[in-house]
K.L.:
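Okay, handing you the structure first.
First listed ligand is number 1; within each ligand, the first listed atom is number 1.
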Amino acid sequence: MKILSDYSLNELYTLLADFKKFRAKQIFDAIIQAKDYSETNIPKKMIEILKSEYILKPIEIYKVLTSKDGTKKYLLKLHDDNIVECVFLKQNYGNTICMSTQVGCRMGCKFCASTQNGLIRNLTAGEMLSTISVVNADNGKCTDRNFTNIVLMGSGEPFDNYDNVVKWLDLITDENGFNVSERNISISTCGLVDKIYKFADLKYNITLCVSLHATDDEMRKTIMPIANRYTINEIIDALKYYVSKNNRRVVFEYCLIKDLNDSFDCAKSLSVLTKGLNCHINVICLNQNGGSLKATTKKEAYAFVNKLNELGVSATLRRSQGSDIEGACGMLRAKTLKENN
Ligand code: SAH
């Protein structure tokens, strides 16, 4: 079966050339509004023809948990029964959707729940578009856009699913659809250097975030296997190239882990590493998910950020939202998979 949301509007015009021209736009609108065949005004005959080959709505809401702070965590069921997560964050400056790019992940970061069962498969561009449609429709009128920002910070490594993510960028920014501004999209990568260069050349105006989490390669290797492939210096060079091409500030995510990367010396090393790079550091407190790694206390985290600021580094502590509903990366999916087995 093929998925209709994998097609751009132009591609739908070609695909559906045997039907009246406005049917393509009708299908495109149905995709954006998260409607299935039965909820459209498409003639039964046409539906029958399409249905035998094409899925219109590849994603359904399986479970929603709402946090005290309004954050909503979704478990979404794909047409093949795989499950992915998505988070809807209510924010004063515009709501944010945090979404997954893969079912599982093969990067193997020690602190991350998404990677515990490895990679199951990539999401297609259309499945990622439909993720947004379904969550958007659940948070207001399906004909409105009920969010401002999208961050690819859910399960999966976006640059390990590079082609589909780039195709999705074109779908989500299409002015006939959600028309999301590139400036309101962030992509987070664990640092696939070759893809950072490739992506820089496409000159999208999106914010690139890199999960750094360490100040030297040996430290990084103990928590992130990707550090065996690329050094921190290689990442920084790639980011300098990205900034030169896009003139956008890049963001580092730095997750504080007790007694590993949370000393003032680490803050100093970070200030040296990032010197001369137009960047911001998002400091995060580790969400403990049962492993051996422990979180740095809130108080120490604030002190770490203050130290960075003193050293002239732009850094903030990321406010944690939805922690009462297992809002962190892959935790809810991992728990549900365990319960269902
Ligand atoms: N694969 C991408 C995006 C997904 S993870 C990446 O590595 O950037 C999104 C962010 O959440 C990353 O910075 C990741 O390192 C972080 N993260 C994962 N598990 C976490 C945990 N238990 N506590 C805090 N942050 C976590």
K.L.:
Does a donor on one side chain sit under 3.5 Å from an acceptor on the other, for Gln102 and Asn122?
P.N.:
yes
K.L.:
Can you name the atoms of ligand 1, numbered from 1 with element, that are less than 4.0 Å from a heavy atom of Asn287?
P.N.:
21 (C), 22 (N), 23 (N), 24 (C)
K.L.:
From Ser269 OG over to Leu311 CG, what is the distance, rounded to the nearest 0.5 angstrom?
P.N.:
10.0 Å
K.L.:
If you draw the axis of the six-membered ring of Tyr13, does the NZ or CZ of Lys21 fall within 45° of it and under 6.0 Å from the ring centre?
P.N.:
yes
K.L.:
Could you tell me whether Lys221 and Asp217 make a salt bridge, using a distance below 4.0 angstrom between a side-chain N and a carboxylate O?
P.N.:
no
K.L.:
Which atoms of ligand 1 are found less than 4.0 Å from any heavy atom of Cys190?
P.N.:
6 (C), 7 (O), 8 (O)
K.L.:
Looking only at distance, does Phe111 have an N or O less than 3.5 Å from an N or O of ligand 1?
P.N.:
yes
K.L.:
Please classify the Thr189 to ligand 1 contact at 4.0 Å (heavy-atom distances, strictly less than): side chain, backbone, both or neither.
P.N.:
backbone
K.L.:
Can a non-hydrogen atom of Cys255 be found less than 4.0 Å from any atom of ligand 1?
P.N.:
yes
K.L.:
Do any heavy atoms of Gly156 fall under 4.0 Å from ligand 1?
P.N.:
yes
K.L.:
Consider ligand 1: state whether an atom of it lies below 4.0 angstrom from any non-hydrogen atom of His213.
P.N.:
yes
K.L.:
Any carboxylate oxygen within less than 4.0 angstrom of a Lys/Arg side-chain nitrogen, looking at Asp160 and Lys195?
P.N.:
no
K.L.:
If you count every heavy atom of other residues, nucleotides or ligands that lies below 6.0 Å from Lys298 atom NZ, does the total exceed 12?
P.N.:
no
K.L.:
Hey, does Ser155 sit under 4.0 Å from ligand 1 if you only count heavy atoms?
P.N.:
no
K.L.:
Can you tell me which portion of Glu157 lies within the under-4.0 Å heavy-atom range of ligand 1? Options are side chain, backbone, both, or neither.
P.N.:
both
